[in-house]
There are 2 protein chains.
Amino acid sequence: MTKKSPSLEAIAAWARLVRVSRQLVESTEDALKANGLPPLAWYDVLHELAEAGEGGLRPFELIDRVLLAQYGVSRLLARLEADGLVEKLPVSDDGRGQTVRITASGREMRRCIWAVYGACIADRMGDRLSVQDLKTLASLLGRLRDPPASD
Amino acid sequence: MTKKSPSLEAIAAWARLVRVSRQLVESTEDALKANGLPPLAWYDVLHELAEAGEGGLRPFELIDRVLLAQYGVSRLLARLEADGLVEKLPVSDDGRGQTVRITASGREMRRCIWAVYGACIADRMGDRLSVQDLKTLASLLGRLRDPPASD
DNA sequence: TTCATATAGATGCAATTGCATCGATAAGGA
DNA sequence: TCCTTATCGATGCAATTGCATCTATATGAA
């Protein structure tokens, strides 16, 4: 089996993508830390749970949404629960599982994080590309998803 | 001081960027691991050192190039040296420092990693976007760099 | 029912990473 | 020269992450 070789353009785009996204995420994490706020992963989970509403989510449903390993979700939820940001409820029809729901403090924390996170996004993305360019970027990135999905 | 709010388009582009790049990098790391190869960070350092040629590089010069913290570079170089992939040479005009140079084994390892890494890039980027789209993507991403630089 | 297998979630332990600091040399001013 | 400060690189220790496995419940076939 012969391995494929990427074009120079593919290499350049890849390098930019990896480097830029790392810089953006790291600088955002720094901003959160500087404001005494928890990491982005906490926001991701709180966001998903807030969207899910009163019904909450099962831990295994969070795995794909926040791109964390199973043990990562398990431990992150343990910390969120310890901080009173989420609560775990037993689920009636499956004795193995639980349902995780965001608490009032959790919603407040989500707002606090968003105040910084949103400003970072505005500063690092919104202010640098036009709406049209943002749409183009999102569309191009969409075609890199695995599995390929509709735009 | 009032915080800025990002547009919906900025949020969407940000989310895609972060998620897609994470998936791409993780799947590439998985491919390397599956082939018994070291992580991408090893490639990054070997690549920079190969480009630097016989003169090698000082560790502190690697920090910005591979986006690693100072202690990260220090420890990664220690591992690369333990594996015989790089060698550390004292530098005459600065008693604190050293020069790091890639070895023959290091070059070979770089080729091995690239066989898998390059195929991943081709598969995940080159095969999905046209050359024109790759250029557009790289250009848009270039405008997100910090500090803003020419394209 | 009974047993084999699959799934949900937690966790012990090892490896890695981050933070703070250290030792050593350099640089620069008094 | 002497002393203060800055830079280079390494490292002790704590926190985090990854891997493998564990417990408990569910599912499904015989």
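Throughout, protein chains are lettered first and strands after them, A, B, ... in sequence-line order, and every chain is numbered starting at 1.
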For chain B and DNA chain D, what are the first and last nucleotides along the strand, 5' to 3', with at least one atom under 4.0 angstrom from a heavy atom of the protein chain? D/dT7 to D/dC19
Would you compute the distance between atom [atom1] of [X] and atom [atom2] of [Y] and round it to the nearest 0.5 angstrom?
X: A/Leu57; Y: A/Glu61; atom1: CG; atom2: CD; result: 5.0 Å
X: A/Glu26; Y: A/Lys33; atom1: CD; atom2: NZ; result: 9.5 Å
X: A/Leu76; Y: A/Tyr71; atom1: CG; atom2: OH; result: 13.0 Å
X: B/Glu108; Y: B/Ile102; atom1: CD; atom2: CD1; result: 11.0 Å

For the base of C/dA10, is there a side-chain donor-acceptor partner from A/Gln70 under 3.5 Å away? yes
For residues A/Lys88 and A/Val100, report the shortest heavy-atom separation together with the two atoms involved. CG-CG2, 4.4 Å
Which atom names give the shortest non-hydrogen contact between A/Arg101 and A/Glu54, and what distance separates them? CD-O, 2.8 Å
Only counting residues at least two apart or in another chain, list the ones meeting side chain to side chain contact (heavy atoms under 4.5 Å, CB included) with A/Arg110. A/Tyr43, A/Leu46, A/His47, A/Ala50
My understanding is that only residues two or more places apart in sequence, or in another chain, count here; which of them pass side chain to side chain contact (heavy atoms under 4.5 Å, CB included) with A/Val91? A/Arg58, A/Asp93, A/Asp94, A/Thr99
Please list, in numerical order, the residues of residues 36-46 of chain B that have a heavy atom closer than 4.0 Å to any atom of DNA chain C. none
Is there a side-chain contact between A/Met109 and A/Ile113, using heavy atoms and a 4.5 Å cut-off? yes
Can you check whether A/Leu24 reaches B/Trp14 side chain to side chain, under 4.5 Å on heavy atoms? yes
Salt bridge flag under 4.0 Å for residues A/Arg143 and B/Asp133: yes
Hey, are B/Asp44 and B/Arg65 close enough for a salt bridge, meaning a charged N less than 4.0 Å from a carboxylate O? no
Residues from residues 47-66 of chain B lying under 4.0 Å of DNA chain D - heavy atoms: B/Arg58, B/Pro59, B/Phe60
Contacting residues from residues 72-83 of chain B, given that a heavy atom lies under 4.0 angstrom of DNA chain D: B/Ser74, B/Arg75
Tell me the interatomic distance from A/Arg96, atom CZ, to C/dA8, atom C1', rounded to whole angstroms. 5 Å
Rounded to the Å, how far apart are A/Gln98 CD and C/dG9 P? 6 Å
Worked check of side chain to side chain contact (heavy atoms under 4.5 Å, CB included) between A/Lys135 and A/Val131: CA-CA 6 Å; A/Lys135 286 181 179 173; A/Val131 167; 4.0 Å; yes
